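Both ligands and their constituent atoms are indexed starting at 1 by order of listing. Only a predicted model underlies this, so the values are computations on that prediction, with no experimental measurement involved.
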Amino acid sequence: MNLKGKRILLGVTGSIAAYKSAFLTRLLVKSGAEVQIIMSASALDFITPLTLSTLSKRPVYSEFSDKKTGEWTNHVELGLWADLFIIAPASANTIGKFANGLCDNLLSATYLSARCPVMMAPAMDLDMYQHPSVRTNLEKLTSFGNLILDAESGELASGLSGQGRMMEPEHILHHVERFFSTSKEFSGKKVLVTLGPTQEALDPVRFISNHSSGKMGLAIAKAFQSKGAEVHVVSGPVSIPLEKEGFHLYPIRSAQEMYEASSKLHALMDICVFTAAVADYAPATVAPEKIKKSDPTLSLDLVKNVDIAFELGKNKKPNQIHVGFALETENEEANAKAKMQKKNFDLVVLNSTKEEGAGFQHDTNKVKIFSKTGPVVQSELLPKSAIAKMILNEVKKLPVWV
Ligand code: CTP
């Protein structure tokens with residue numbers, strides 16, 4: 001597989017297997033990947049940075065700052081740059097640090113700040129590899145979502161024979177290729193996400209709106225994009241930065257504008273996710289001038305807004321998927337299921353209104369996902385990015401998709 005355009009951080013730690021990281025670098029570069037290497041201090045005893053920088057065609061980093069220039073090596077930037085972080089070889093010491101949040105070198109600081117998936121290829125003596133402390137640390141790392149590339153068996157540097165050899169570079173490459181091929185499972189799909197609140201004008205300076213931040217919609221849009229989809233975002237006024245994400249962006253204000261923008265796109269979309277908190281009512285008339293406070297009371301005449309999800313649901317084609325959200329304060333499940341029927345959703349995501357930290361404005365959410373075809377899925381209180389992944393997983397299980 002071609003890894004062209006893929007950005008890989010390769011962490012090299014102190015182990016006799018460090019020489020194999022040169023082979024791995026060469027394989028990755030040959031496949032088209034950009035490889036940035038970070039070495040731990042003890043790795044420098046096993047292989048020179050010159051070898052690795054020549055093979056990777058980039059400078060190799062091992063210190064928080066360059067001693068000559070005083071320039072800081074930005075570990076946060078390195079972590080954000082990468083699509084994948086591989087630590088090969090991963091020594092018992094580094095594994096212990098990563099599992100316990102220790103951060104005394106550039107490599108461990110980069111690990112803690114990286115947002116991309118992480119793979120580790122442990123390398124050590126067989127008894128070290130089986131030691132309960134190492135096993136516990138590896139289990140911990142697995143629970144963080146890191147992929148452990150099991151050590152292989154064979155002759156070890158100690159002269160003993162058993163499991164502890166770093167996975168062969170060709171086998172690591174195979175895992176990397178598999179990672180990138182399954183990670184683009186929405187490639188070629190077009191996804192519409194409505195997000196944020198709508199604003200319904202009263203006069204030239206005032207409007208009716210709600211507290212939606214658009215964060216859940218942004219998490220879903222990013223999740224689809226990271227899996228290869230072409231993402232179209234119809235967004236109400238939000239303060240989250242959407243411009244830098246590379247979506248097709250359609251900023252709107254009112255429910256009517258959101259409807260118009262979404263219906264133009266609808267026929268071309270494979271998947272539509274309605275996360276917007278659309279205002280249900282709008283002032284019947286918009287005053288042409290600022291309303292003056294002349295009377296002691298003011299009554300507003302409101303009229304029902306168009307229900308975007310309902311209207312587009314009427315035109316849903318058999319190969320299209322619609323995902324809706326529901327916010328209920330009573331008879332939650334029954335109301336959510338009724339919304340799924342009424343609006344022709346394939347999935348409906350019920351927001352919890354009772355959980356501290358869930359819903360509007362928060363970075364976390366707790367949801368129940370109802371499917372037309374599958375069982376109910378209940379989440380814990382999780383970052384919205386993790387909830388977005390759960391929703392994508394449920395989309396993949398739908399018969400249209402399968
Ligand atoms: N929705 C929409 N257009 C509207 C209202 C809602 O597209 N005018 C979408 C929302 O984006 C969400 C779903 O419909 O995916 C349900 O929204 P919700 O506000 O829970 O339900 P309503 O239909 O507004 O019903 P009610 O407020 O009476 O519960």
For atom 8 (N) of ligand 1, state which one of Asn305, Val306, Asp280 supplies the nearest heavy atom.
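Residue with the shortest heavy-atom distance to the ligand atom: Val306.
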Can Arg135 be said to sit on top of Tyr129's aromatic six-ring, NZ or CZ under 6.0 Å from centre and within 45° of the ring axis?
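Geometry flag: set, cation within 6.0 Å and 45°.
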With a 4.0 Å cut-off on heavy atoms, does Ala255 reach ligand 1?
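The answer is no, since Ala255 has no heavy atom less than 4.0 Å from ligand 1.
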Is atom 19 (O) of ligand 1 close to the protein, meaning a heavy atom under 4.0 Å from it?
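It does not: no protein heavy atom is found less than 4.0 Å away from atom 19 (O) of ligand 1.
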Would one find an N or O of [X], backbone or side chain, under 3.5 Å from an N or O of ligand 1?
{"X": "Ala277", "result": "no"}
{"X": "Ala309", "result": "yes"}
{"X": "Gly324", "result": "no"}
{"X": "Lys343", "result": "yes"}
{"X": "Ala276", "result": "yes"}
{"X": "Lys339", "result": "yes"}

Closest heavy-atom contact between Leu107 and Ser40?
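Minimum heavy-atom separation between Leu107 and Ser40: CD2-CB, 4.5 Å.
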Please state whether the rings of Phe345 and Phe274 are parallel, tilted or perpendicular, taking 30° and 60° as the class boundaries.
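It falls in the tilted class, 30° to 60°.
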